[in-house]
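Quick notes on the structure that follows.
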Amino acid sequence: MMPVNQAEAKILDLMTPLDAKQDSESVSLLAADGRILAEDVVSSLDFPHWDNSAMDGYAVRFMDTKTEGAGKPVSLTITEEIPAGYLPQQSVGAGQAARIFTGGMLPEGADTVIMQEHTQREGDRIFIMEPPKRGDFVRRQGAYYKAGQTLLRAGTRLGAADIAVLAAAQCPQVQVYRRPRVAILSTGNELVSPEQPLQPGQIVDSNQYALAALVQRTGAEAICLGIVPDDPDQLKAAIAQAVAQSDMVLSSGGVSVGDYDYVDRILADLGGTLHIRAVAVKPGKPLTVATLEREGRSHLYFGLPGNPVSALVSVWRFVQPALRKLSGITTDWRPTFVMGHPSQLLKSDGKRETYLWGSTYYLNGAYEFNLAGGSHSSGNLINLAQTNSLAIIPIGQKQIPIGGSVRIILLD
Ligand code: AMP
Ligand code: MG
């Protein structure tokens, strides 16, 4: 059994990202949320584009604002009014000021803005009641970003703020990685789909749906290939077909040590290399990770355990990070870990790294983990519903007391 950290590192190491040239497409900004940039974006615009005012006030030459004698405020003559979007027509000369509003373009000659509240107005003159500092309230051209520098790097996952930046930089189309294609198949003679009538001995294939949801949430396309019986020939054909039409395959079931667990053998038959067969984790011990070569590319195959909770925990812990790397993301592949305190006693047999599911809330400055009620069996899918996190008990540790310190994965 491979330790969790080692399995995680091995999987990420085996994963080759999509190709930025061959596996990319152009999308409009309205379709860009969650997509991964395939190339660096450089803007030909400075930010701000030109010197402008950060306040409602008066644009002046700093040298004109110094008081001549004690108690006598400086007075300046107003030249013109510059609202946002207006191109100044006059330059500000000695003894002059331009009325300016927030976002207004700084007129030639001016280098400082005096806020309105620090002036008094009389007709076309203002009196400076509080002298400014040089450069006050001027947003200088290029102060935030200089044209030609890298604005956003390839491998960035785009969110609302990035999309705003791209829009402002006048990039209405962006080159992003195509969505990775992930084939999903469920193995087991006992499985039926949710709409089929259930006969004695049968159960519903819930994994197909849960895995598809997780794959889609990670920004990939799920190719649902349905249920395959525990028959070596049918399974071999289904796996070969899954590999042929995807970038990554997830199967569930059939990777344990039972007489009907054929997946590992078939992967070897198909010329695959088995890198992991079991991980020291609970739930989720039987986990097969293999690579298959197809068209010169190494294709990652995850044979997940059939137990619904084990399958999900394996995806959260191992598959989603690999999928993030596949999708072109260059950082932050791993799950989100935080430290917190359990509000119940957490127990393990100490033999494998143990994951317990529950709900984590941020309360009084710390994360509090609340264990889900009911059985923590890997076959009990029901109490996994409405949880948002996994608490981790390391190997060798048998319990974590109430209020103790526990590492938690926050699920998204
Ligand atoms: P296996 O890993 O094939 O030995 O399956 C372990 C357990 O998970 C068995 O109780 C199966 O019935 C159950 N199981 C396997 N595949 C699925 C599935 N797709 N959906 C729900 N339960 C499953
Ligand atoms: Mg099975």
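Just follow the structure's listing: the first ligand is 1, and inside any ligand the first atom is 1.
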Verdict with supporting geometry, Q116 and R99, side-chain hydrogen bond (donor to acceptor under 3.5 Å, both in side chains) = CA-CA 9 Å; Q116 182 172 308; R99 176 72 168 128; 2.9 Å; yes

Which N or O atoms of ligand 1 sit under 3.5 Å from a protein N or O, and how far apart is each pair?
{"from": "ligand 1", "atom 1": "2 (O)", "to": "G306", "atom 2": "N", "distance (Å)": "3.0"}
{"from": "ligand 1", "atom 1": "3 (O)", "to": "G254", "atom 2": "N", "distance (Å)": "2.9"}
{"from": "ligand 1", "atom 1": "8 (O)", "to": "G306", "atom 2": "O", "distance (Å)": "3.3"}
{"from": "ligand 1", "atom 1": "8 (O)", "to": "N307", "atom 2": "N", "distance (Å)": "3.1"}
{"from": "ligand 1", "atom 1": "12 (O)", "to": "E190", "atom 2": "OE2", "distance (Å)": "2.6"}
{"from": "ligand 1", "atom 1": "14 (N)", "to": "G306", "atom 2": "O", "distance (Å)": "3.3"}
{"from": "ligand 1", "atom 1": "19 (N)", "to": "D205", "atom 2": "OD1", "distance (Å)": "2.8"}
{"from": "ligand 1", "atom 1": "19 (N)", "to": "N207", "atom 2": "ND2", "distance (Å)": "3.3"}
{"from": "ligand 1", "atom 1": "20 (N)", "to": "S206", "atom 2": "N", "distance (Å)": "3.2"}
{"from": "ligand 1", "atom 1": "20 (N)", "to": "N207", "atom 2": "N", "distance (Å)": "3.4"}

Let me see the working for T65 and V74 under side chain to side chain contact (heavy atoms under 4.5 Å, CB included), right down to the final yes or no.
-> CA-CA 6 Å; T65 61; V74 174; 5.7 Å; no

Within 45° cone of F62 ring axis and under 6.0 Å: R134 NZ or CZ | no

Side chain to side chain contact (heavy atoms under 4.5 Å, CB included) between V315 and T218, intermediate numbers included | CA-CA 11 Å; V315 174; T218 321; over 6 Å; no

Of Q175, R178, R35, the one forming a side chain to side chain donor-acceptor pair (under 3.5 Å) with E25 is R35

In terms of heavy-atom contacts, does CZ of R61 have more than 12 from other residues, nucleotides or ligands at under 6.0 Å?
->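 Yes, enclosed.
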
